[in-house]
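Order of the sequence lines sets the chain letters (A, B, ...), proteins ahead of strands, with each chain counted from 1.
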Amino acid sequence: MAINRAYVYIEVDAKGVRRTVRQALTAAAVIAPGAEIIAVVASAKGDADAAAASMLKVAKVVQADAAVASSQAAAKAIAQIVKAQGPGVVVFGNTSLGREVAPCLAQELGLPLVPDVTSAQVVGDHVEFVRPIYAGKAMAKVKPLAETFVVTTRANAFLDNNESGAAPVEKATVALTADDQKAKVVSLVQRDTTKIELTEADAIVSGGMGLGKAEGFKQVEALADALRAAVGASRAAVNAGWVDHTQQVGQTGKTVSPTLYVALGISGAIQHQAGMSSSKCIVAVNKDPEAPIFQVADYGIVADLYSVVPLLTEEIKKVK
Amino acid sequence: MADLKILVLVKQTFTTEARIQLDAQGKIVDKGIKYVISPYDEYAVEKAIQMQEAGGGIVRILTVGSDKTLETMRIALAMGAAEAVRVWDPCLETADSQITAQVIAAAMKKVPFDLVLAGKAAVDDQSYEVPARVAGLLGLPLVNAITSLSVSGTTAKVERETDAGKETIEVPLPAVLTAEKGLAEPRYPTLPNIMKAKKKPVQVYGLGDIGLSAAALKPAVQVLGLSTPAPRKGAAIIGGSPQEAVKELVRRLKEEAKVL
Ligand SMILES: Cc1cc2nc3c(=O)[nH]c(=O)nc-3n(C[C@H](O)[C@H](O)[C@H](O)COP(=O)(O)OP(=O)(O)OC[C@H]3O[C@@H](n4cnc5c(N)ncnc54)[C@H](O)[C@@H]3O)c2cc1C
Ligand SMILES: Nc1ncnc2c1ncn2[C@@H]1O[C@H](COP(=O)(O)O)[C@@H](O)[C@H]1O
């Protein structure tokens with residue numbers, strides 16, 4: 001049975017509709033070729049988000065006409081929209097919000113959830129997904145056992161859909177009770193959006209214990225700036241208090257797959273590798289030729305990073 | 001709240017050091033692999049115990065797992081949890097996250113709780129799914145990936161870091177909260193506590209005991225097969241002086257890898 005409707009959940013930040021949404025749009029077209037694609041807005045700043053979404057290439061934007069202050073409320077609102085508009089797959093970016101709302105919605109609608117997929121393929125009458133498990137040490141091919149389902153897509157696994165449109169915005173009446181909004185955000189210190197979010201970055205420069213001291217991260221940041229890259233770290237560097245834990249890459253940190261990953265003074269423990277070894281191109285600088293990071297890197301320089309990184313930063317500035 | 005009853009959802013997983021290998025049938029080879037409490041669940045266990053130590057109350061852990069999970073449950077008990085509940089039926093061997101959530105929600109009707117703590121994700125399937133479904137099934141509020149937690153009266157105040165920024169959230173109890181790294185630093189159980197843990201009660205339920213049956217548990221997803229990523233070739237080591245190496249690296253990133 002072909003799926004003839006796909007919903008894509010809209011997330012908007014200071015810079016507009018998030019790239020993860022554009023990637024979810026691409027995934028929706030793969031999962032449900034030819035389907036009507038509906039952007040769904042269920043957020044606290046509804047009108048502004050709907051206006052941003054209307055510029056996407058979608059059939060229409062459906063906006064919940066209530067302020068939605070929690071993930072569970074968002075799930076309830078989307079469930080009501082899906083029931084009113086008709087069954088379809090619902091696609092989310094696997095962001096911190098997406099992976100909270102998606103399972104709540106799947107439960108609400110009694111549907112399967114296929115989280116964090118890296119590829120999708122229609123095979124005969126069903127859709128098959130690939131999703132990394134064990135932080136990328138293995139991949140599972142999975143099939144949802146229902147005609148419609150909820151999916152979250154891994155950042156950068158699908159291309160951005162950058163087509164623009166002028167979609168009509170439709171308001172949908174949703175009924176939310178106080179019970180649906182029990183969790184209340186009492187304060188939000190906004191993330192510095194000039195910094196690129198790790199999982200969405202095209203390039204990442206990560207630092208490890210080899211930096212020797214917290215100030216060493218200045219070198220990492222300088223190279224990252226030159227590359228317009230995000231800054232990551234090994235767990236040991238996080239535990240040393242040199243950088244925030246949100247920058248940890250690995251099995252118990254973030255799984256990333258940028259186009260370019262540069263590892264500076266990182267040994268390449270299996271838990272670190274799990275989070276970054278699906279990057280397209282990996283560069284390692286380490287003074288130990290036996291460091292396991294060289295087994296997964298494409299290019300390596302065996303040297304003291306302090307003698308290499310400043311030169312590399314200058315050289316990159318010349319070509320970028 | 002005095003005498004807070006905390007229930008921690010604990011899953012046993014491979015240690016994060018494990019390499020994943022598949023046998024000829026495409027199944028994961030678990031021979032020689034060590035099992036641990038999934039790291040995020042361990043943060044939850046530690047936090048619960050610290051709250052119990054500070055304010056009284058009781059910490060119970062709940063797991064859906066075979067008798068192979070007894071060893072890791074004993075670790076949670078040795079860390080300081082008071083009791084453990086384990087639910088098992090052989091049909092759960094292939095349970096997906098939806099079924100696991102159904103089983104947990106049903107078992108929770110037999111265990112009193114004011115607060116449910118879980119890991120933000122299990123380090124094996126990384127679904128971020130089970131706690132959300134449990135919360136939905138029981139009509140409880142959910143907050144994922146918290147890095148701090150305090151309870152006053154019947155309200156929990158938590159902090160977390162999302163893509164939006166640092167959020168402080170208040171949520172009335174009972175609630176389901178999932179742990180991020182940073183919530184608490186897990187302790188190593190002491191030898192006397194390991195001994196004591198051997199005498200702590202472990203309640204085992206079958207599906208019938210919690211009002212379920214194998215036939216009522218319908219899978220939502222089917223795993224068609226597993227694979228492991230193709231091994232990477234290993235690095236081309238670029239030699240020479242730092243100046244030469246850097247120039248050559250940048251040239252190859254541009255011309256060969258085409259990533260600049
Ligand atoms: C449950 C669990 C979960 C974990 N999860 C993660 C995770 O998510 N992410 C993660 O990263 N780790 C994780 N780890 C930790 C992991 O096992 C390693 O301990 C950690 O990755 C090591 O960090 P590192 O490479 O920075 O430090 P080290 O292993 O100490 O390596 C430092 C490297 O720097 C090199 N070096 C030193 N000085 C210089 C110099 N001047 N110039 C160049 N090179 C230099 C050394 O040769 C060495 O290779 C986890 C561990 C456990 C037990
Ligand atoms: N079999 C299980 N038994 C008990 N708790 C579980 C089980 N599976 C998952 N959980 C809990 O749900 C969290 C998230 O798991 P998952 O949804 O699989 O990523 C885990 O960290 C545990 O706290």
Side-chain angles (χ1 to χ4, degrees), chain A residues 72 95-97 99-100 103-104 107-108 112-116 128 133-145 182-191 197 245-246 251-252 259-260 270-271 277-278 280-281 284 294-303 307-308 311-312 315-316 319, chain B residues 14 16-17 19-20 28 39 97-98 123-129 132-133 136-137 139 141-145 161-172 181-182 219-229 232 234-238 242-243 245-247 249-250 252-254 257 259-260:
Chain A
Q72 285 171 313
T95 59
S96 57
L97 184 62
R99 62 177 168 244
E100 190 167 71
C104 295
Q107 185 57 37
E108 193 65 30
L113 170 69
V114 192
D116 203 18
E128 292 180 5
I133 53 174
Y134 295 95
K137 291 176 194 170
M139 262 87 71
K141 190 187 269 185
V142 292
K143 163 183 161 185
L145 297 172
K182 275 188 187 157
K184 286 201 173 52
V185 178
V186 292
S187 89
L188 168 65
V189 182
Q190 278 192 348
R191 195 175 70 81
E197 220 287 313
H245 75 89
T246 53
Q251 190 156 4
T252 54
T259 309
L260 176 64
I270 184 162
Q271 295 98 340
S277 60
S278 65
K280 184 164 171 244
C281 177
F294 289 125
Q295 291 161 18
V296 294
D298 298 282
Y299 302 106
I301 295 181
V302 180
S307 71
V308 168
L311 295 174
L312 183 55
E315 199 61 31
I316 295 286
V319 300
Chain B
F14 286 0
T16 56
E17 270 111 69
R19 292 189 183 274
I20 306 298
I28 291 175
S97 297
Q98 183 196 239
V123 294
D124 47 12
D125 63 32
Q126 289 181 299
S127 300
Y128 286 80
E129 183 174 358
R133 286 199 186 262
L137 283 162
L142 165 83
V143 184
N144 269 355
E161 195 106 22
T162 67
D163 295 350
K166 198 167 181 96
E167 293 181 339
T168 307
I169 297 176
E170 282 181 2
V171 53
K181 177 178 176 358
V221 292
Q222 182 188 349
V223 177
L224 301 171
L226 301 179
S227 59
T228 49
R232 297 183 77 113
I237 299 293
I238 301 173
Q243 282 83 353
V246 161
K247 275 211 155 51
L249 171 65
V250 171
R252 289 171 77 167
L253 289 177
K254 249 178 94 172
V259 294
L260 286 180

Between [X] and [Y], is any pair of side-chain heavy atoms under 4.5 Å apart?
| X | Y | result |
| --- | --- | --- |
| B/Leu253 | A/Cys281 | yes |
| B/Lys254 | A/Val319 | yes |
| A/Lys141 | B/Ser227 | no |
| A/Pro112 | B/Gln98 | no |
| B/Thr16 | A/Ile270 | no |

A/Lys137 and B/Arg19: CA distance, side-chain angles, deciding distance, side chain to side chain contact (heavy atoms under 4.5 Å, CB included) verdict | CA-CA 7 Å; A/Lys137 291 176 194 170; B/Arg19 292 189 183 274; over 6 Å; no

I need the residue from [options] with the largest number of non-hydrogen atom pairs under 4.5 Å to chain A.
| options | answer |
| --- | --- |
| B/Val143, B/Thr168, B/Asp125, B/Leu137 | B/Thr168 |
| B/Ala257, B/Gly182, B/Ala164, B/Ala145 | B/Ala164 |
| B/Thr162, B/Val221, B/Leu249, B/Val171 | B/Val221 |
| B/Val259, B/Val246, B/Val250, B/Val123 | B/Val246 |
| B/Gly225, B/Ala132, B/Gly136 | B/Gly225 |
| B/Asp163, B/Leu142, B/Leu260, B/Thr228 | B/Asp163 |

Looking only at heavy atoms, what is the nearest atom pair of [X] and [Y], with distance?
| X | Y | result |
| --- | --- | --- |
| B/Arg133 | A/Leu113 | NH2-N, 3.5 Å |
| A/Thr252 | B/Lys181 | O-CD, 4.4 Å |
| A/Pro115 | B/Glu129 | CG-OE1, 4.4 Å |
| B/Pro219 | A/Leu145 | O-CD1, 3.8 Å |
| B/Arg252 | A/Tyr299 | NE-CE2, 3.6 Å |

Out of curiosity, [X] [atom1] to [Y] [atom2], how far, rounded to the nearest 0.5 Å?
| X | Y | atom1 | atom2 | answer |
| --- | --- | --- | --- | --- |
| A/Glu315 | B/Gln243 | CD | CD | 10.0 Å |
| A/Phe294 | B/Ile237 | CZ | CD1 | 4.5 Å |
| B/Arg232 | A/Gln295 | CZ | CD | 12.5 Å |

Shorter than 4.5 Å, heavy atoms on both sides: which option in [options] has the most such pairs with chain B?
| options | result |
| --- | --- |
| A/His245, A/Lys280, A/Lys143 | A/Lys143 |
| A/Gln271, A/Glu128, A/Gln190, A/Glu108 | A/Gln271 |
| A/Asp298, A/Thr95, A/Val142 | A/Asp298 |

What part of [X] is in contact with chain B, defined as an atom under 4.5 angstrom from a non-hydrogen atom: side chain, backbone, both or neither?
| X | answer |
| --- | --- |
| A/Leu260 | side chain |
| A/Ala303 | neither |
| A/Thr246 | side chain |
| A/Glu197 | side chain |

Qualifying residue for side-chain contact (heavy atoms from CB on, under 4.5 Å) with A/Ile133, from B/Asp124, B/Val223, B/Leu226 |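 Among the candidates, only B/Leu226 passes.
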
Checking heavy atoms, do the side chain of B/Pro39, its backbone, both or neither come under 4.5 Å from chain A?
->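 Contact with chain A is through the side chain of B/Pro39 alone.
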
Under a 4.5 Å heavy-atom cut-off, does chain A meet the side chain of B/Gln222, its backbone, both or neither?
->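 Contact with chain A involves both backbone and side-chain atoms of B/Gln222.
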
